[in-house]
Structures are given as structure tokens and as C-alpha cells.
Amino acid sequence: MDFPKLGVWKVVFSILDGAWVVRTGIRTFHNVALLWLCLWFIMMHGHSPQRVVCLRKESVSDTGGNSMDKEDKQVRVRFAPSPTGALHIGGARTAYFNWLFARQHKGVFVLRIDDTDRARSTEASYQQILDSLRWLGLDWDEGPDVGGAYGPYRQSERMSIYTEQLEKLKQQNRVYPCFCTPEELQRERELAQREGRAPRYSGKCRHLSADEVASRLAAGESHVYRLRVESEGETVVHDIIRGDVVFQNAEIDDFIIWKADGTPTYHLASCIDDALMEISHIVRAEEHLSNTPRHVVLFEALGFEVPQFAHVPMILAPDRSKLSKRHGATSVSEYREQGILPQALINYLLLLGFSPGEDNEVLSREQAIESFRLDQVAKHAAVYDVKKLEWLNAQYYRAQSPDLVLAQAWAGFVERGWVAPDETNRERLAWLRTAIEFVLSRSRNAADLVEGLRYYFQPVNAYDPTGVKKQFADSDVSDRLRRIAKRLSEVSPFTTVVVEKEFRSLIEELGVKGGKLIHPTRLALTGVTVGPGLFDIMVLLGRDECVSRLELAAHRIETGNVTLTQ
RNA sequence: GGCCCCAUGGUCAAGCGGUUAAGACACCGCCCUUUCACGGCGGUAACGCGGGUUCGAAUCCCGCUGGGGUCACCA
């Protein structure tokens with residue numbers, strides 16, 4: 001929008017203002033005056049109010065578009081975990097946002113392993129991170145295992161590249177060797193802390209004479225390299241989520257970019273890789289925001305273009321502290337072990353810090369790609385809520401077909417001895433499928449399913465205590481159970497419709513309320529008070545089993561053994 | 001402590017100067033039902049505080065408070 005038009009727009013908006021006043025009620029003389037002014041303006045210019053509204057809508061859609069689409073530069077984003085532990089849910093979300101952004105812009109999602117810390121990096125962690133990402137369905141286009149034109153993708157394999165870039169900086173006198181020992185620096189930091197100063201490097205080695213540097217280097221004295229940072233001016237980080245963030249250069253000290261052991265620090269390696277891998281947008285956790293001015297300075301020192309940044313907020317524990325082990329599951333693999341479905345976890349992660357709009361919060365990966373907007377990611381940290389994750393999991397879990405659930409749960413069934421590993425009996429499998437179908441709608445996860453299925457496979461050795469109090473209390477309850485058993489033993493065919501008919505006729509004969517028979521029967525048959533429809537359970541259990549369980553329960557009630565059994 | 005970021009119900013989160021301040025989870029009722037779950041209907045519950053700017057502020061500005069991050073030869 002060019003400048004002269006702005007004035008016109010201002011007037012247009014004033015008119016809209018006036019229209020608002022009319023609708024919301026005229027309260028003040030001022031508003032009345034404004035209304036007349038508006039009417040006058042409209043008449044003078046021959047605009048109807050509808051026309052004006054129309055103009056505004058156009059202006060909104062003009063400025064509301066996604067500016068990314070206009071740039072033809074390819075989107076390249078990366079997720080760069082350090083293999084020093086499991087993939088954290090915070091990391092998973094960062095990876096997901098990167099992935100979404102890449103997929104949405106038909107860009108490239110790069111997986112890079114930031115393992116410059118050789119002491120803490122482990123192969124097991126590397127494998128676990130890859131497994132977790134795959135499980136979540138976050139596929140990468142370039143990475144250590146799949147290769148790509150910008151490899152290698154493990155920093156430990158890129159040492160020659162870093163050395164080369166360091167040489168470049170040395171030649172341009174952008175860095176200088178620093179001989180201060182860690183202990184010395186530690187002492188200085190502590191002193192600064194005590195005196196209330198910012199703990200910043202003093203610059204002691206910055207002005208060493210060329211001779212001294214040469215001789216100390218020749219003597220093989222241990223040293224690091226620091227970047228010369230201008231203390232004048234300011235560095236601006238353009239952040240897609242937060243807008244411009246300004247840092248005074250005086251706040252940035254001559255930070256270390258090369259360690260004494262001859263390896264680059266994270267800052268150096270990361271910037272070199274991002275530049276050389278032509279990363280267009282760095283989407284990473286908020287904890288890096290404070291480091292970003294250093295990175296901007298580094299990119300510039302290296303002579304590289306500065307990529308765009310987006311710092312996504314952190315995920316906090318319910319007490320608003322940093323998420324840690326004591327808050328329960330924090331890694332993707334733990335959720336996986338707990339029976340959380342990847343679709344559910346990924347969906348939940350999206351909702352943490354982003355609102356897809358509309359009312360639907362249960363959305364597929366494809367819908368997520370479509371609705372995701374990086375610039376609309378929340379600025380504030382989110383507290384994670386297991387309850388909502390579990391609810392989402394239930395949504396996905398129940399939506400699965402019984403056959404799929406059967407396949408997934410099979411190993412667990414075998415382990416419990418509920419099915420033979422090589423079961424091929426058609427009736428048995430169909431029966432199992434039906435049992436699952438009835439329990440599935442009442443299950444939030446695999447553990448619920450197992451619980452709901454238990455009594456089909458195991459004898460009832462305990463009865464729910466509150467159920468006993470309520471349903472087994474009547475003096476004639478054991479007698480009723482025996483009569484039910486007797487009646488059932490004569491039912492044929494033993495199918496839901498027939499069983500229910502017989503059951504209900506017995507209710508009538510006895511002249512009691514349905515619940516008086518139904519509830520004790522359920523408890524006798526399953527040991528619990530909840531579950532699928534009673535007649536469905538009966539048919540699945542089979543006539544003989546029902547009869548014997550009813551008689552056993554009756555016997556236990558009569559002998560007072562009902563609460564003692566284990 | 002310096003610097004940086006942030007602030008709407010218990011939690012997630014709409015909102016972009018005029019709204020009865022959405023929606024979801026959780027919680028509480030009611031309905032459905034042989035129980036439970038699902039589902040349906042309804043309810044409780046929020047703009048951290050103080051100053052401005054404005055006819056009008058959750059929305060813009062300043063301060064405070066609170067939370068978080070960072071200041072490593074970790075990433």
C-alpha cells in the first residue's frame with residue numbers, strides 16, 4: 001500500500017467507526033456528531049456503506065496473506081538435536097513445527113546431528129532420537145541416514161569444514177587466541193557476579209601483542225579462539241514469532257567459538273552448518289533466543305547471509321517449572337511405552353502453542369499442514385496437560401477398527417496366555433474380534449482394553465467391593481443367581497436376543513425390577529460393575545461359563561466368601 | 001544480578017480499539033442406558049496490578065509484579 005492512499009484509508013476506517021456507533025447504540029453527543037459527519041462524507045462521495053465495508057475486506061485479505069508464498073527461495077529448515085539423551089517432547093514439538101513448515105511450503109526438512117560434544121553424545125541416544133521421530137511420522141528429506149547434497153549431517157564428521165572456516169576468520173583477524181584458563185575465567189565470573197556486574201569476558205587476551213601471541217602459540221600453550229565483537233551499536237534479531245528483538249552489542253562479549261581441544265563450539269558449528277546447508281529458516285526453542293545475537297554476529301563475520309528466525313516457546317511442567325523427570329513422562333519413547341498413539345501425541349503437540357482455528361482440535365497431519373502458520377505460534381510457554389493428551393489418545397484409539405486393535409494387542413494377549421501365538425481357529429478369532437469391539441468404545445488406551453477384556457480369559461476371583469455391598473446384599477440374591485443359572489442352562493440358541501428374552505421373562509416371573517437381576521448377574525459374571533451390555537457379555541462368555549460363574553458366585557455368597565477371595 | 005522473552009478460566013487457547021470475552025480438556029449437573037463409557041444438553045470458572053492514550057482498552061504506551069530463558073572451552 002503506498003503512502004498517499006493511507007489518508008484515504010484512515011477516513012474510510014473513521015466511517016466504519018461511525019457505522020459501529022450506530023449499531024452499538026448512540027450514547028454521547030460526540031457519537032451523534034460523528035454519525036452526521038459520516039453520513040455527510042458518504043453522500044459527498046457517493047459511497048454506500050456496503051461499498052465501504054467491501055473495501056475494507058479487500059484490504060484485510062491483502063495484508064493478511066502469507067508473505068512466504070511470494071518468495072520463491074526454497075524453504076529449507078532443520079531439526080538439529082544433540083544425541084545426549086532421549087527425544088524430549090519439547091524437542092519433538094520443535095521438530096514437528098519445522099516439519100509442518102517445510103511440508104507446507106514444499107520445502108526441505110533436514111535432520112542434522114549436533115554432536116560436537118563428543119563426551120556426552122552416544123550412539124544409543126542417536127538411534128533413539130531417530131526412532132522417536134520416525135514413530136511420530138516426521139520424515140526428513142536429508143539426514144545422516146538418508147544422505148543429501150549438503151552432507152555429512154553429523155557435526156562430528158564435518159571437522160574439516162569447521163577448521164577451514166576458522167582459518168578464514170583467523171586470516172581476517174576476526175578471531176584471536178585466548179590463553180585464559182577455565183579456572184581464571186570462573187574466578188572472574190564469580191567476582192563479577194558478586195559485584196553485580198554482568199559476567200562478561202574481560203577481553204584480556206584481545207590486545208596481546210603479536211609477538212606474545214606468536215611465542216605463546218609456539219610454546220604450545222593451551223588456548224581457545226574468541227570472536228572479536230564490536231561493542232558499538234546494536235544487533236537486531238528478526239523473529240517471525242516475536243517480531244524484532246534488539247540487543248545492544250555491548251551486551252555481547254568476545255565469546256569462544258573454538259575450544260582448546262581443537263573443536264568448534266556449538267555456536268560456530270551450528271552457524272556454519274546452517275549457512276552451508278542453506279537453511280532458510282531457523283525454527284528452534286526459545287532458550288536460544290538470547291544466543292541469537294551472537295549467531296547473527298557470527299553469520300556476518302563468516303560472510304554468510306543471516307537466515308530468518310522463529311523461536312518457539314517452551315513446554316513447562318504443571319508447576320510452571322522446566323519439565324523434568326520428576327514430572328513424569330517427558331520423552332517421546334516414554335509416551336510410546338505408555339500406549340499413547342503417535343497421532344495423538346503429534347496432535348497434542350500441535351495444540352500446545354498453536355490454535356488451528358475453527359472448533360475442531362482433533363486433526364490429521366494433512367489438516368495440520370494446511371492450517372499451520374508459523375507466525376501465529378504462541379509467544380508464551382505452555383504448561384502441558386496429560387489429561388488432554390489422554391483424551392486425544394482416546395479419540396484416536398477408539399477410532400481404530402477392532403481388527404487393527406486386535407493386531408496391535410496380539411503380542412500382549414500372547415504374553416498373558418490369552419491366545420496361542422499361532423492361533424488360527426476362525427471362531428476363536430472372530431470371537432476375540434467381537435469381544436474387542438464391545439470393549440473398545442470404553443477404552444482410552446491399550447491398558448484399558450486389557451482390563452476390559454480380562455474376565456473373558458481369567459476366572460473371577462474377586463468382586464468389586466462396592467459392587468458387593470450394593471448388589472450382593474439382598475438375602476435372596478444367591479437364590480436369584482441360581483435361578484438365573486438354571487434358566488440359562490436351558491437356553492438355546494445361546495444368542496443375545498434369545499438370552500435377553502429369557503432373562504426378561506424370568507424377571508417378570510420373579511416380579512422384581514430388572515436391576516435386581518441384571519446388576520448381581522454382571523458382578524457374578526465379571527467381578528466388576530462396569531462394561532458392555534450384559535447380554536453381549538453373556539453370549540461371549542458362553543452358556544456353560546455363565547452357568548458355572550453364577551453358581552460359584554451364589555456359593556460364595558452363601559458361604560460368606562465373597563469378600564475374602566483374592 | 002545484567003540482558004532478553006512472556007502474561008486471557010485449573011490447563012490449552014480464540015481475540016488484533018466497540019464481543020453477552022469463543023472453543024477444547026478437566027470439573028459439576030441433567031438426558032440417554034441394565035452398569036460404565038460414548039454421545040447430547042446445560043453449568044461453575046479468566047483478561048496479574050497501577051498509571052496513561054482514547055468518546056471507548058483484554059486489545060495501544062509506560063511502570064510494577066510474577067513466570068521463563070540466557071549470561072559454559074553443553075547443546
Side-chain angles (χ1 to χ4, degrees), chain A residues 17 20-21 23-25 27-31 34 80-82 84 114-117 119-121 178 181-182 185-186 189 192-200 222-225 237 239 242 245-248 250-253 255-261 263 265-267 269-270 285-293 311 313-314 316 318 320-322 348 351-355 357-362 378-392 394 398 439 441-444 448 452 467 471 500 503 513-515 517-519 521-523 528-535:
Chain A
D17 238 3
W20 244 118
V21 169
R23 270 190 290 159
T24 51
R27 292 198 193 92
T28 64
F29 175 76
H30 173 93
N31 289 340
L34 190 58
S82 72
T84 54
D114 282 10
D115 58 350
T116 50
D117 185 351
R120 294 201 306 150
S121 297
C178 170
T181 64
L185 295 170
Q186 182 65 31
R189 263 199 298 278
Q193 284 277 17
R194 266 200 306 276
E195 292 178 1
R197 289 180 290 117
R200 204 162 286 118
S222 175
H223 63 283
V224 300
Y225 283 92
V237 174
D239 191 285
R242 285 152 216 285
V245 183
V246 182
F247 295 84
Q248 296 304 312
E251 296 292 333
I252 312 169
D253 65 356
F255 58 99
I256 296 169
I257 60 159
W258 199 264
K259 302 184 239 178
D261 65 359
T263 62
T265 61
Y266 157 75
H267 303 294
S270 170
E286 187 189 352
E287 54 184 323
H288 289 289
L289 183 55
S290 298
N291 284 325
T292 306
H311 288 94
M314 311 203 54
L316 265 31
R320 304 217 124 250
S321 71
K322 203 166 177 172
Y348 180 65
L351 262 25
L352 223 46
F354 181 74
S355 170
E358 297 156 38
D359 280 353
N360 185 24
E361 295 201 330
V362 183
K379 297 182 177 79
H380 56 271
V383 170
Y384 94 122
D385 177 20
V386 197
K387 282 272 171 47
K388 189 154 182 177
L389 171 60
E390 284 167 355
W391 172 80
L392 264 170
R398 284 194 280 256
V439 174
S441 63
R442 286 154 237 273
S443 306
R444 295 168 76 89
D448 281 358
Q471 313 302 349
E500 178 161 8
F503 201 95
K513 279 190 145 188
L517 288 199
I518 287 172
H519 299 315
T521 303
R522 174 187 294 281
L523 189 59
V528 292
T529 58
V530 300
L534 179 62
F535 306 110

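Lettering follows sequence order; numbering is per chain, from 1. Computed from a predicted model, the values in this text were never measured in an experiment.
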Quiz item: Between A/Y225 (OH) and B/rA72 (P), how many Å, whole number?
Solution: 21 Å

Quiz item: Taking the same atom, C1', in B/rA46 and in B/rC25, what whole-Å distance lies between them?
Solution: 16 Å

Practice problem: Sticking with atom C1', work out how far B/rU34 lies from B/rC41, rounded to a whole angstrom. | Solution: 23 Å

Self-check item: C1'-based separation of B/rU8 from B/rG1 [nearest Å]
Solution: 32 Å

Quiz item: For atom P, what is the distance between B/rC61 and B/rG17, given to the nearest Å?
Solution: 12 Å

Quiz prompt | Upstream residue (5' side of RNA chain B) when A/S82 and A/L352 are each assigned their closest nucleotide | solution = A/L352

Practice problem: With P as the reference atom in both, quote the distance from B/rC4 to B/rG39 in angstrom, rounded to an integer. | Solution: 48 Å

Considering only nitrogen or oxygen atoms on both sides, find all protein atoms under 3.5 Å from nucleotides 35-45 of chain B and state each distance.
| residue | atom | partner | partner atom | Å |
| --- | --- | --- | --- | --- |
| B/rU35 | O2' | A/T529 | O | 3.0 |
| B/rU35 | O2 | A/T529 | O | 3.3 |
| B/rU35 | O2 | A/G531 | N | 3.1 |
| B/rU35 | O2 | A/G531 | O | 3.3 |
| B/rU35 | N3 | A/R522 | NH2 | 3.1 |
| B/rU35 | N3 | A/G531 | O | 2.5 |
| B/rU35 | O4 | A/G531 | O | 3.4 |
| B/rU35 | O4 | A/G533 | N | 3.4 |
| B/rC36 | O2 | A/R442 | NH1 | 3.0 |
| B/rC36 | N3 | A/R442 | NH1 | 2.3 |
| B/rC36 | N4 | A/R442 | NH1 | 3.4 |
| B/rA37 | O2' | A/S441 | O | 3.3 |

Practice problem: Could you measure between the two P atoms, the one in B/rC3 and the one in B/rA22, and give it in whole Å? | Solution: 40 Å

Quiz item: Would you say the side chain of A/E361 and the base of B/rG23 hold a donor-acceptor pair, judged only by whether the two atoms sit under 3.5 Å apart?
Solution: yes

Quiz item: Between A/H288 (NE2) and B/rC74 (P), how many Å, whole number?
Solution: 15 Å

Tabulate protein N/O versus nucleotide N/O from nucleotides 4-7 of chain B, keeping only pairs under 3.5 Å, one per line.
| residue | atom | partner | partner atom | Å |
| --- | --- | --- | --- | --- |
| B/rC5 | O2' | A/R242 | NH1 | 2.3 |
| B/rC5 | O2' | A/E286 | OE2 | 3.4 |

Self-check item: Atom-pair distance (CZ on A/R189; P on B/rU70), nearest Å
Solution: 15 Å

Self-check item: Same-atom distance (P) from B/rC36 to B/rA21, integer angstrom
Solution: 37 Å

Quiz item: Are any of A/K259's side-chain N or O atoms less than 4.0 Å away from OP1 or OP2 of B/rC74?
Solution: yes

